[in-house]
Structure formats: C-alpha cells, structure tokens
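Since the structure comes first, as structure tokens, the remarks are kept for the end.
Note that the structure is a prediction, hence the values are computed from the model and not measured. Order of appearance sets the numbers: ligands from 1, and atoms from 1 within every ligand.
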Amino acid sequence: MTDTVAVDSPPLDHRLQGVYDTLQRRNPGEKEFHQAVHEVLEILVPVVARRPEYIDAKLLERICEPERQIIFRVPWSDDSGEVHVNRGYRVEFNSALGPYKGGLRFHPNVSASIVKFLGFEQIFKNALTGMPIGGGKGGADFDPKGRSDAEIMRFCQSFMTELQRHIGEYTDVPAGDIGVGERELGYLFGQYKRINNRYESGVLTGKGIGWGGARVRKEATGYGTAYFVGEMLAATGSSLDGRDVVVSGSGNVAIYAAEKVQQLGGRVVACSDSTGVVHDPDGIDVALLKQVKEVERARLTVYAERRGGRARHEDGASVWHVPCTVALPCATQNELDGDAAKALIDNGVVAVAEGANMPCTPDAVRAFRAAGIAFGPGKAANAGGVATSALEMQQNASRDRWSFEHTEERLVQIMRDIHADCYATADEYGMPGDYVAGANIAGFVRVADAMLALGLV
Ligand code: NDP
Ligand code: 2IT
C-alpha cells in the first residue's frame with residue numbers, strides 16, 4: 001500500500017491543464033489533493049466542450065479553491081499528565097447546494113492534502129445524493145490507537161473548543177470518518193452543547209440513537225456500497241448471489257458492507273486492517289467481527305483465533321490476492337494499486353466498488369476501465385453514508401425519528417437513484433457503463449449550475 005501517488009495520468013486539454021497547473025502551484029506537494037482534482041478534470045473535457053459558460057465563469061478555478069480553510073492547534077494532556085499538541089483542520093469547500101457537510105478523520109497521516117482531497121470529493125458525492133448538502137471535511141493528525149477513553153475525551157473536547165465557532169446546523173455539519181465514530185461524536189457533541197448552551201442536534205451527524213442520532217446511519221456507508229455494487233451487477237444481468245467477495249479494512253464501512261453483502265447472498269471471504277489479512281473461506285462471521293472490532297477494539301488476529309476452522313490471519317499480506325469476483329476496497333486512500341488491480345483481474349473480478357474514498361490509484365482505475373470491469377467510484381458507491389447523514393439532519397430539524405425499515409428504504413432508493421443517474425449520464429456522454437464518467441459529470445454539473453445561479457460568490 002502506498003500513501004501518496006504521483007499523478008501520471010493522460011494530458012488534459014489546455015484550459016483544464018491551466019486550472020491544474022495553478023492548483024499545483026498554489027498547493028505545492030499536496031499529492032492526494034492533486035490526484036483527486038486530476039481525476040475530475042480528466043472527465044470534464046466533453047463537459048466544458050458542451051458548456052463553455054463554465055469556462056467563461058471560471059467555474060473550474062472556483063470549484064478547486066475551498067471557500068474557507070481553518071487550521072488550528074489542539075493541545076491536550078494524556079493520562080500521565082504529559083502535554084501533546086496536534087493540528088486540527090476543517091476545510092469548508094463548497095456551500096452552493098447546502099451547508100458544508102463531511103466527516104472528521106483522526107489519523108496520524110492527516111494533512112492539508114488529505115483533508116482537501118476528501119473535501120473536494122465530498123462536494124460531488126454530496127451533489128449526487130440529491131440532498132441539500134455542500135461539501136467539507138476535517139480532522140486531526142491525532143492517533144487514537146492505544147489511547148484510553150479519558151484521553152479520547154480530552155482530545156475531542158480540545159478539538160471542539162476551537163471547531164465549535166466555525167460550525168452550526170445551517171453552516172457546517174461534521175460527522176465521522178476514519179478514527180471518528182459514535183464514541184468520539186458523543187464527546188464532540190457534549191462539548192459543543194456545553195459551550196453553546198444549545199441542544200443543536202443538527203450540528204453533527206452519526207450521533208448515537210439515544211441522543212439525536214438516526215437509525216441506519218452507522219450501517220449506511222457499507223450497506224450503500226453493497227447496494228450500489230448490487231445495482232452495477234444487476235445492470236449486467238447478474239447479482240451478488242453466490243459470489244465470493246473481498247472487502248478491505250475492518251472498520252465501520254467494511255463491517256457493514258460485509259453484513260449487507262452476505263444478506264444479499266454473497267460470501268465475504270476476506271477482510272483486512274493496516275497490519276494484515278484474515279482469509280475466511282467459509283465467509284466472515286460478521287457478529288464476531290463486530291464483537292472484536294467495535295466492542296473490544298481488538299486486532300484481527302483475535303478474530304482468526306476465536307473463529308477457528310479454516311480462518312487464517314496473515315501478517316502483512318495483500319487482501320487483493322485472495323481470489324474473488326467482487327472487490328470492495330473499504331479502508332483508505334491509495335490502498336489498491338495497479339499491481340493489485342492486475343491480480344484481481346487475473347483472478348476473474350467482474351465488479352469493484354469503492355467503499356473508501358479514493359482507495360484505487362489512478363493506475364488501478366485505468367486497469368479496471370480498460371478491462372471492462374464494472375467500477376463504481378467512491379463518490380457514488382459510498383454516498384449512502386452522507387445521504388443518511390442528510391436524513392439525520394432532516395429528522396433533527398423536524399424533531400422526529402424514523403424506524404430502521406423506513407430509513408433503510410430511503411437509503412435503498414437513494415442508492416438506486418445515484419446508480420441510475422451515473423448510468424444515464426455516462427450514456428448521454430457516449431461512455432456507456434463508465435461509472436467514473438457518469439458520477440463525476442453528474443455531480444459536477446449539479447454543483448456548477450447552482451454556482452452559476454448564485455452569481456460570483
Ligand atoms: P474506521 O476507522 O472505522 O476503519 C478504518 C479501517 O481502515 C480500519 O480497518 C483500519 O485499519 C484501516 N485503515 C485506516 N487507515 C489505514 C492505513 N493508512 N493503512 C491501512 N489501513 C488503514 O474508518 P471508516 O470505516 O469509517 O472509513 C474507511 C474509509 O471509508 C475511509 O476512506 C473513509 O474516508 C471512507 N468513508 C467513510 C464513511 C463513513 O461514514 N464512516 C463514509 C464514506 C466514506 P487499522 O484499524 O489497522 O488502522
Ligand atoms: O466520506 C464521507 O462521506 C463521510 N465520511 C461521511 C460524511 C458525513 O457527513 O456523513
């Protein structure tokens with residue numbers, strides 16, 4: 001797995017190349033951000049040919065520049081009294097469609113580049129959901145691994161003490177991402193409430209069910225990814241039934257992708273974490289995986305030991321070498337490179353959908369598209385999480401709570417609509433079956449048209 005990837009993609013047309021050159025000059029060394037923008041610009045060549053007003057209004061230059069970027073100090077003390085200083089970020093990227101919306105990530109490799117790439121992708125993903133949400137992202141270079149509950153709480157309180165002045169139900173609505181789940185959101189919400197003296201439920205999503213959270217939000221990203229890949233397979237007259245599926249990661253997205261894949265008739269034969277792979281040919285026991293990862297916060301080795309039978313843990317192995325016909329990368333950016341894509345193609349993969357954000361390198365995406373593999377980019381395939389966050393905002397605003405069944409029905413319909421939108425847009429632009437083209441064009445056009453309507457702001 002590589003953390004950064006040099007962009008070696010095909011040349012852009014000269015107007016788009018100018019936008020990209022400026023972006024590189026303004027954001028030196030921010031490789032992930034460059035990569036995410038390049039992936040969009042590459043697809044927009046036919047769009048700007050049809051819609052020259054986007055060029056005249058400098059829409060691309062405007063969309064690549066965040067509306068606001070906040071970087072702040074996060075001091076906290078550990079259980080032994082030692083003081084630490086981390087760096088916090090919130091990039092409020094685009095509010096043409098609604099309040100900034102996107103997760104917070106706590107991971108040691110969080111940087112301006114990581115937050116900007118995520119915030120940039122979030123704009124188009126959120127547009128694809130059809131919900132009234134703009135794009136943003138945040139986080140800190142804090143490593144939660146091995147930290148006590150009390151340390152996590154103090155860190156979250158310090159982080160929110162600064163963040164709270166920048167967010168609000170109508171302004172910017174954070175949620176979880178890597179290293180930020182219900183526990184962290186609880187401490188963050190508690191501190192927001194204390195400082196502002198407002199029970200403003202709609203300021204954060206992914207909250208616990210008992211204090212303003214929405215049913216299905218925890219499951220939504222993974223479930224949505226499974227539904228999306230199901231739709232891609234259905235479009236080719238196939239389904240998940242009886243398929244061997246590989247899911248990378250073993251966090252929030254991976255666990256619930258695995259759960260829904262198995263409910264839809266597939267068998268998840270492997271998952272992973274940052275240290276290794278579990279190969280479980282009889283199908284991952286999702287209840288055990290939840291116990292080990294969500295309840296005990298233990299390593300995957302514990303899963304393999306308790307599962308017994310044919311389950312094996314292998315340190316340092318690549319999950320992409322486990323034979324499968326469907327692959328769902330659900331861990332982190334650039335975790336699936338060109339070599340991994342080749343191994344998957346050689347093993348007969350027919351569909352790949354990104355549960356994570358930008359998990360496939362540009363080389364891998366090119367390999368899948370060239371081989372005619374159905375490939376669902378994260379902007380579309382993992383949009384179920386943020387879409388259900390928007391449903392949480394809706395419930396908070398109306399002081400209502402919906403049943404699990406009703407909320408899941410909404411999620412299923414949203415994923416079907418996103419799939420249909422991507423499919424139809426790819427067709428319209430003469431690239432049938434190309435979900436990368438469909439997702440990027442459909443998302444971009446929705447945001448660009450709103451920006452045109454709102455004037456030069
Ligand atoms: P979690 O923190 O719950 O889980 C992350 C998983 O990915 C863990 O298994 C972790 O392994 C692995 N991982 C994280 N960073 C690395 C790394 N640098 N190298 C190798 N493995 C790594 O996060 P989520 O499941 O919430 O997020 C996973 C992906 O999905 C991210 O790309 C996120 O942006 C994206 N996403 C999340 C959404 C959400 O609602 N949570 C919505 C849409 C997308 P280990 O425990 O060993 O670190
Ligand atoms: O990448 C993502 O879409 C998320 N981490 C979820 C964002 C949200 O606001 O629910």
In sequence, state the C-alpha distance, the side-chain angles, and the governing distance for Val350 and Arg243, and then conclude on side chain to side chain contact (heavy atoms under 4.5 Å, CB included).
-> CA-CA 10 Å; Val350 299; Arg243 291 194 176 279; 3.7 Å; yes
Thinking salt bridges, do [X] and [Y] make one under a 4.0 Å N-O criterion?
X	Y	answer
Asp149	Arg183	yes
Arg446	Asp421	yes
Asp177	Lys137	yes
Lys260	Glu408	yes
Lys207	Glu392	yes
Arg410	Asp417	no
Arg366	Asp363	yes

Can you tell me which portion of [X] lies within the under-4.0 Å heavy-atom range of ligand 1? Options are side chain, backbone, both, or neither.
X	answer
Lys145	side chain
Met358	neither
Arg297	neither
Cys330	backbone

Relative to [atom], which among [options] owns the nearest non-hydrogen atom?
atom	options	answer
atom 6 (C) of ligand 2	Lys137, Arg217, Lys101, Lys125	Arg217
atom 14 (C) of ligand 1	Asn252, Asn109, Ile178	Ile178
atom 2 (O) of ligand 1	Gly179, Pro108, Gly385	Gly179

Sub-4.0 Å atoms of ligand 1 with respect to non-hydrogen atoms of [X]:
X	value
Ala356	29 (C), 30 (O), 32 (O), 35 (C)
Asp177	26 (O), 33 (C), 34 (O), 36 (N), 37 (C)
Gly249	9 (O)

Taking only heavy atoms of [X] into account, list the atoms of ligand 2 that are under 4.0 Å away from them.
X	value
Gly102	7 (C), 9 (O)
Gly103	7 (C)
Ala175	8 (C), 9 (O), 10 (O)
Ser389	8 (C), 9 (O), 10 (O)

To the nearest 0.5 angstrom, please state how far the CD1 atom of Ile209 sits from the CZ atom of Arg215.
->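 Result: 6.0 Å between the selected atoms.
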Tell me, please: is Gly206 in heavy-atom contact with ligand 2, that is, under 4.0 Å?
->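 Contact absent.
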Does an N or O anywhere in [X] fall below 3.5 Å from an N or O of ligand 1?
X	result
Val253	yes
Ser250	yes
Thr221	yes
Lys293	no

Would you call the rings of [X] and [Y] parallel, tilted or perpendicular, taking 30° and 60° as the class edges?
X	Y	value
His84	Trp76	parallel
Phe189	Trp211	parallel
Phe72	Phe159	tilted
Tyr227	Tyr223	perpendicular

Return yes when [X] approaches ligand 1 closer than 4.0 angstrom through a heavy atom, no otherwise.
X	answer
Arg105	yes
Gly103	no
Arg217	yes
Ala331	yes

Flag Gly176 as yes when one of its N or O atoms lies below 3.5 Å from any N or O atom of ligand 2, and as no otherwise.
->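 There is such a contact, yes.
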May I ask you to check if ligand 2 and Asp177 share an N or O to N or O distance below 3.5 Å?
->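 By distance alone, the answer is yes.
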Shortest non-hydrogen contact between Ala353 and Pro329, atoms and distance |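 Scanning both residues completely, I find the closest heavy atoms to be O-CD, 3.1 Å.
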Which one holds for Asn357 and ligand 2: side chain close, backbone close, both close, or neither close, with close meaning a heavy atom under 4.0 Å?
->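 For Asn357, only side-chain atoms sit under 4.0 Å from ligand 2.
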Apply ring-ring contact (aromatic ring centres under 6.0 Å, His included) to the pair His313 and Tyr303, showing each step before the final yes or no.
-> CA-CA 8 Å; His313 182 271; Tyr303 171 90; 9.7 Å; no
